[in-house]
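Reviewing the structure listed below.
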Amino acid sequence: MKRVVVYSLLCLGLVFSSCGKHGGSSLHFDADSARVLIEQAIADSLIPGAVLCVVDEGKIVHLEAYGYRAIVPEHEEMTENTIFDLASVSKPTGAGTAALLLVKEGKLSVDDLVCKYIPNFHPDVTVRHLMTHYSGLPAYFIAAPMEKKFLEAIGDGRLAMDTEQARRDFTIDSIARCKRPTAIDEKYRYSCLNFISLQRVVETIVGTDVNTYLQAKLYDPQGWETMGWLPDKANIERIAPTEWHDDIQLRGDVHDPVARVMMCGISGNAGVFATAEEIGKWAIWYMDQPQEVRESACHAGLWTEEVQLAADTLQTTVESRHTGYTGTNVVVWPEYNRAVVLLAHRVHPHDKGSMYRLRTAIKELVRP
């Protein structure tokens, strides 16, 4: 209890102390304070370990590993080149990035109707609705009952066989036919189904799966060697494990159940694996894109909002960010060419950890 109180007070103190000058290369990053915050979170068993990457002026200015990559079945030290399951950070860095590239090339407009690419889809939903979470679609499908329905369809002859493509097609068809809780534009509802649908839009345009497309178009040319879906099991020792599932540790297999069971590892909502350094470089690449491209592509699916810089000013900047269920986080400030990436695996070995206070406090150390 004492540690939690100390940690909370430290977080609060850092939040207030970080409000100051802004603009240009004004970053004065306190690596020692960041280390104290992260190590306290590890000591409080909120996370087993983490890797922090800070970007300023188009360069990585800080990269550091803390704690452990694994604590079960045995302890493994965290390293800067550890590969993480990004969970929902996959949305902007994966399918969202693919959409941005297609918008930039004039092959996609976010005002296109989704049914142009998925013929049986809800006829009023646009790509913009998917990327901004105003489609009215449910937040999620539970994987087990969906798989049961899929296997029943095979059993009664409605589907021919159990293949990866058949599972993905069944999932897309289920989204296309599902009942929507609300109409378009009626309510913001963050939905994994939006980005699974966006994935299919991308794949319809490029004629291959989103992983193959991004590997060839961006990840490999940029030298992001481990970034992508379906990580190379030759790198298994570098991959941070997540949760124990049915007495088997998930390591190199995506944690998200729908992405793992029904989308077979390549899913618009989750499943990208990468190092913190690679996501830092992705942030640099993203901020290098013209502002009009980022805006016309709905910021690649990042959450964007106006943020007040200091309590005694009215000046604001655009903060774009995304978090992931496993414990991942990326925040970018394109106006200042600054970003922070904090990758952790709070779900290891069990889904009990928390990242909220830590990622908030770390962000305040970097915020313009």
Side-chain angles (χ1 to χ4, degrees), residues 87-143 145-146 149 168-206 210 256-259 262-263 266-272 286 289 291-307 318-325:
S88 284
V89 173
S90 302
K91 291 180 174 74
T93 60
T97 287
L100 184 150
L101 289 169
L102 293 174
V103 168
K104 186 177 182 179
E105 294 176 357
K107 297 177 180 178
L108 174 68
S109 167
V110 295
D111 294 318
D112 287 344
L113 289 169
V114 177
C115 61
K116 176 181 178 180
Y117 306 101
I118 308 174
N120 63 333
F121 207 82
H122 306 277
D124 56 351
V125 175
T126 66
V127 173
R128 185 188 302 275
H129 290 129
L130 298 180
M131 298 187 72
T132 59
H133 300 286
Y134 276 93
S135 68
L137 287 170
Y140 196 70
F141 282 161
I142 304 301
M146 177 177 281
K149 290 179 181 178
R168 292 175 182 137
D169 289 345
F170 184 85
T171 303
I172 293 295
D173 186 62
S174 298
I175 296 171
R177 293 184 295 105
C178 75
K179 181 178 180 180
R180 289 182 289 170
T182 53
I184 58 167
D185 293 320
E186 182 179 329
K187 180 180 179 181
Y188 174 90
R189 181 183 299 103
Y190 177 74
S191 171
C192 288
L193 307 188
N194 285 326
F195 272 71
I196 295 174
S197 303
L198 179 66
Q199 170 194 355
R200 179 55 62 95
V201 169
V202 167
E203 292 173 344
T204 300
I205 296 171
V206 302
V210 67
D256 180 87
V258 169
M262 295 305 300
M263 297 300 289
I266 302 177
S267 191
N269 72 307
V272 175
Y286 172 80
Q289 303 307 303
Q291 181 178 346
E292 60 271 21
V293 171
R294 296 195 307 267
E295 291 179 350
S296 63
C298 298
H299 306 276
L302 289 166
W303 303 325
T304 302
E305 59 191 350
E306 294 296 315
V307 179
V318 174
E319 173 185 296
S320 302
R321 60 187 173 84
H322 215 290
T323 62
Y325 186 84

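Remember, predicted model here, so these are calculated numbers, not experimental data.
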Residue set satisfying side-chain hydrogen bond (donor to acceptor under 3.5 Å, both in side chains) with D112, at least two apart, ordered chain then number -> Y117

If every non-hydrogen atom of H322 is compared with every non-hydrogen atom of G301, which pair is closest and at what distance?
-> CD2-O, 3.5 Å

Sequence-distant partners of K107, side-chain hydrogen bond (donor to acceptor under 3.5 Å, both in side chains), two or more places apart | E105

d(N194 CG, T132 OG1) to nearest 0.5 Å is 8.0 Å

Distance, nearest 0.5 Å, that separates SG of C192 from CE of M263 = 11.5 Å

Which one of F195, Y134, W303 satisfies the ring-ring contact (aromatic ring centres under 6.0 Å, His included) criterion with Y190?
-> W303

Rounded distance [0.5 Å steps], CE in M131 versus OG in S197 = 12.5 Å

From I175 atom CD1 to I196 atom CD1, the distance as rounded to the nearest 0.5 Å = 4.5 Å

Salt bridge (charged side-chain N to carboxylate O under 4.0 Å, His left out) contacts touching residues 178-194 (sequence neighbours left out) = D124-R180

Taken in chain and number order and not counting sequence neighbours, the residues that satisfy side-chain hydrogen bond (donor to acceptor under 3.5 Å, both in side chains) with S320 are T304

Any chance you could measure L137, atom CG, to T182, atom OG1, to the nearest 0.5 Å?
-> 8.5 Å

For Y325 and A87, which heavy atoms make the closest approach, and how far apart are they?
-> N-CB, 3.5 Å

Output all residues satisfying ring-ring contact (aromatic ring centres under 6.0 Å, His included) with Y140, sequence neighbours left out; order by chain, then residue number.
-> none

NZ or CZ of R294 within 45° of Y286 ring axis and under 6.0 Å | yes

For V210 and A98, which heavy atoms make the closest approach, and how far apart are they?
-> CG2-CB, 4.0 Å

Of all heavy-atom pairs between V110 and C298, which one has the smallest distance, and what is that distance?
-> CG1-SG, 3.9 Å

About how many Å separate CZ of R200 and CD1 of I118, when rounded to the nearest 0.5 Å?
-> 6.5 Å

Residues two or more places apart in sequence or in another chain: which of them pass side chain to side chain contact (heavy atoms under 4.5 Å, CB included) with S90?
-> L86, V272

Looking only at heavy atoms, what is the nearest atom pair of L130 and L198, with distance?
-> CD1-N, 3.8 Å

